[in-house]
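Before any comments, here is the structure.
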Amino acid sequence: MSRLSLALKVAIGVLMVDSIIELSFVSSMVAWLHLTASKGFEFNLDGSTHPLAGTPLNMMVDQGHTSNGAAGTAFVLIGLGGILALSLRYWSRKISGGLGTFSRFIYYLWVSVNVPAFLLTTGALAYVFAVTNAHEGQTIDAHLAASLNGAPYPSDTWTPQNWFTAVLRLDLVSARDDIQSHLRVMRGWQYNLIPMFIIQLGETVLALWEFVNWRKQSRAPVYGEK
């Protein structure tokens, strides 16, 4: 096995680990939003306690779906697909006929999807940070929230990160530690897109480079994997 092939396999493995982390963070956030935050919170204002809906009326969730899609694509198509494609490529040198042609087709297909998969991660990174930063610094009007009697907060549009940052600025009765903990998870999947982007960039370059190298060597009468 060449150093280039080894580097590609290592990059695939690292990308799979990082994409699983991303998927886990997003799934944890979604579960908490539905199971815990949906029950709402309470805050103090002017000597009285008021209910607050766990999520606002205009919660933006597309950035979470985009990140989840990018991570899922990286894990399934590039990670698991890469393991399958490289294995089939190895065996295609030892078999002939339709099965060998099919094995090489799967490998070519996998190489070709590396670029759009990387572009999906790039788009997710840019989109998530653009949307989150655009809503940075928003605050909840405590008097408006108190008047809603637990109905979803209607003013502005929010990302999960910005909403719960604003919630923490209220005089909460309880749940502060829980919100802070899950806010770190939300920040985690946002910022984990940066290493995922870097890792996938390296993996994509290695996949294309190794493909060109393999094509050159496969024309020669050699034996074993190239």
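One-based numbering along the sequence shown.
Using a 4.5 Å heavy-atom threshold, the side chains of V111 and E210 count as separate. Taking 4.5 Å as the limit, some side-chain heavy atom of F41 sits within range of a side-chain heavy atom of F164. In this structure the side chain of P51 reaches within 4.5 angstrom of the side chain of N149, judged on heavy atoms.
Panel note: side chain N133, backbone F129; a donor-acceptor pair is recorded below 3.5 Å. Looking only at distances, no side-chain donor or acceptor of N162 sits under 3.5 Å from a matching main-chain atom of G137. The closest donor-acceptor contact from the side chain of W158 to the backbone of H135 lies at 3.5 Å or more, if one exists at all. A donor-acceptor pair under 3.5 Å is formed between the side chain of W110 and the backbone N or O of I78. Panel note: side chain S181, backbone D177; no donor-acceptor pair is recorded below 3.5 Å. With hydrogens and angles disregarded, no donor-acceptor distance shorter than 3.5 Å links the side chain of Y153 to the backbone of L148. No side-chain donor-acceptor contact under 3.5 Å links S27 to the backbone of S24. Side-chain atoms of S147 come within 3.5 Å of backbone N or O of L144 as a donor-acceptor pair. Q63 places no side-chain N or O within donor-acceptor distance of the main-chain N or O of A130, the cut-off being under 3.5 Å.
Scanning both residues, L206 and A7, for their nearest heavy atoms gives CD1-O, 3.7 Å. Across all non-hydrogen atoms, the minimal contact from S19 to F75 is OG-CB, 3.3 Å. When all heavy atoms of N58 and P154 are compared, the pair lying nearest together is ND2-O, 3.2 Å. Contact between S67 and V128 at its shortest, heavy atoms only, is OG-CG2, 3.3 Å. Here the closest non-hydrogen pair linking L193 and A124 is CD1-O, 4.0 Å. Between T157 and Q138, the closest heavy-atom pair is O-NE2, 3.0 Å.
Rounding to the nearest 0.5 Å gives a distance of 9.0 Å between OH of Y127 and OG1 of T132. In this structure, CG on L23 lies 10.0 Å from CG on D18, to the nearest 0.5 angstrom. Separation of atoms OG1 (T121) and CZ (F197) is listed at 9.0 Å; rounding is to 0.5 Å. Put simply, CZ on F211 and OG on S112 are 9.0 Å apart, with the number rounded to the nearest 0.5 Å. To the nearest 0.5 Å, atom CG of residue N68 and atom CG of residue D62 are 12.5 Å apart. Taking CE from M29 and NE2 from H34, the interatomic distance works out to 8.5 Å, rounded to the nearest 0.5 Å.
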Item to check | Residues M60, W163; criterion side chain to side chain contact (heavy atoms under 4.5 Å, CB included); working and verdict | outcome: CA-CA 10 Å; M60 303 178 67; W163 169 252; over 6 Å; no
Item to check | Residues R169, I140; criterion side chain to side chain contact (heavy atoms under 4.5 Å, CB included); working and verdict | outcome: CA-CA 8 Å; R169 296 192 181 103; I140 297 171; over 6 Å; no
Checklist entry - What's the verdict on side chain to side chain contact (heavy atoms under 4.5 Å, CB included) for L172 and I179, showing C-alpha distance, side-chain angles and the deciding distance? => result CA-CA 10 Å; L172 295 172; I179 295 173; 3.8 Å; yes
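Residues L15 and I83 share a single hydrophobic cluster, defined by chaining ILVMFWY side chains whose heavy atoms lie under 4.5 Å apart. L52 and M59 fall within a single hydrophobic cluster, where Ile, Leu, Val, Met, Phe, Trp and Tyr side chains are chained together by heavy-atom contacts under 4.5 Å. V14 and I12 fall within the same hydrophobic cluster, where Ile, Leu, Val, Met, Phe, Trp and Tyr residues are linked whenever their side-chain heavy atoms come under 4.5 Å apart, directly or through other members. Note on V26 and L33: same hydrophobic cluster, where clusters join Ile, Leu, Val, Met, Phe, Trp and Tyr whose side-chain heavy atoms are under 4.5 Å apart, directly or indirectly. The hydrophobic clustering, which links ILVMFWY residues whose side-chain heavy atoms are closer than 4.5 Å, places V30 and I21 together.
Checked against T165 for a side chain to side chain contact (heavy atoms under 4.5 Å, CB included), the options M186, R187, Q180 give a single hit: R187.
In Y108, the OH atom is crowded: over 12 heavy atoms of neighbouring residues, nucleotides or ligands sit closer than 6.0 Å.
Judged as a side chain to side chain contact (heavy atoms under 4.5 Å, CB included), and not counting sequence neighbours, the contacts of S28 are H182, V185.
Under the ring pair (Phe, Tyr, Trp, His ring centres under 6.0 Å) criterion, the residue pairs touching residues 47-68 are F43-H50, with sequence neighbours excluded.
A donor atom on one side chain and an acceptor atom on the other are found under 3.5 Å apart for W32 and D178.
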